[in-house]
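Reading through the structure tokens given below for one structure.
Just the heavy atoms: all of them, side chains too, but no hydrogens, waters or symmetry mates, feed the values below. If you read the sequence from its start, that first residue is 1, and numbering goes on from there. When a ligand or atom number is given, it counts from 1 through the structure's own listing order. The structure displayed is predicted, hence computed values, not measured ones.
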Amino acid sequence: MTGEQIRSYLEFYRDLGFDSVYKRVPPSKRTELRITDAAPAAAPVSIARVAAPVTPAVGPVMPAVSLPGLAPENDTLGKIRRDLGDCRRCRLCEGRHTIVFGSGNERSPLVFVGEGPGADEDEQGLPFVGRAGQLLTQMIENTAKKEGIPILRSDVYICNVVKCRPPENRTPLPDEMEICGEFLFRQLMAIKPKAICALGATAMKALLNTKEGITRSRGKWHKWRDIPVMITYHPSYLLRQYNQQAKREAWEDLKTLLHFVYD
Ligand code: URA
């Protein structure tokens, strides 16, 4: 394994909540290897979940455990969906009708990330199929057409930070985002798109862990791991009548994004 592969392997398990790994060495020489220490030369990684510092092990050294055999590059959307199962990991399962995993081209160079399913999505099991979804489809397809880029909505992949509808369409809570974020991260790692578009503040927070407001962050390139992320307004926000200026800006953001991905 190369250093880069080891780094990405460790980051993958850190995102899944593992704090420590154990070197397979003779019992007499066993020492704990800390994930936070394992990649000291790594470039800063923009992910929402950074492993909490782990205090060095004291007392008896725990038995060595093998890391599960799954490497990030072998992960597939099918496997991630199976692992998600009939998810009951957080309270959002109580009010949901359907888990909305994601839809579109699984090999797309472009992934859109929204906040969470609304009523229509919960009903149909597909992301962005309600009013905001129709606007998103129009934005993608009209901008692409105008810019001479031959893509339709079905050519990109669309998913959300949380896969279950929050009650009354409230904003997902931090623990819900954290739990479901693991599946979002795996989706993104499995697809490995050329760019990600974060739609609105929730997607921005989940991917970039920033405190900056959306107005300042939109229209600029950021990074999740090594993948460029464009932030723009959520389509629901654009549906409000008084947001003409925001609409113009979102169209500009999309133009920049589509040219970067497809030129
Ligand atoms: N809003 C979202 O953030 N996601 C959807 O799937 C629909 C509306």
Is there a side-chain contact (heavy atoms from CB on, under 4.5 Å) between Y233 and L199 once you walk through the steps? CA-CA 6 Å; Y233 295 115; L199 299 165; over 6 Å; no
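- Taking the ring axis of F260 as reference, the NZ or CZ atom of K194 stays within 45° of it and closer than 6.0 Å to the ring centre.
- Protein residues with a heavy atom under 4.0 Å from ligand 1 are G114, E115, G116, E121, P127, F128, N160, H234.
- Taking E176 as the reference, R91, R170 meet the salt bridge (charged side-chain N to carboxylate O under 4.0 Å, His left out) condition, with sequence neighbours excluded.
- Among residue pairs with one or both ends in residues 95-115, those qualifying as side chain to side chain donor-acceptor pair (under 3.5 Å) are D86-R96, E115-T202; sequence neighbours excluded.
- Identified under the ring pair (Phe, Tyr, Trp, His ring centres under 6.0 Å) test for residues 103-134, with sequence neighbours left out: F128-H234.
- Rounded to the nearest 0.5 angstrom, R165 CZ and N169 CG are separated by 4.0 Å.
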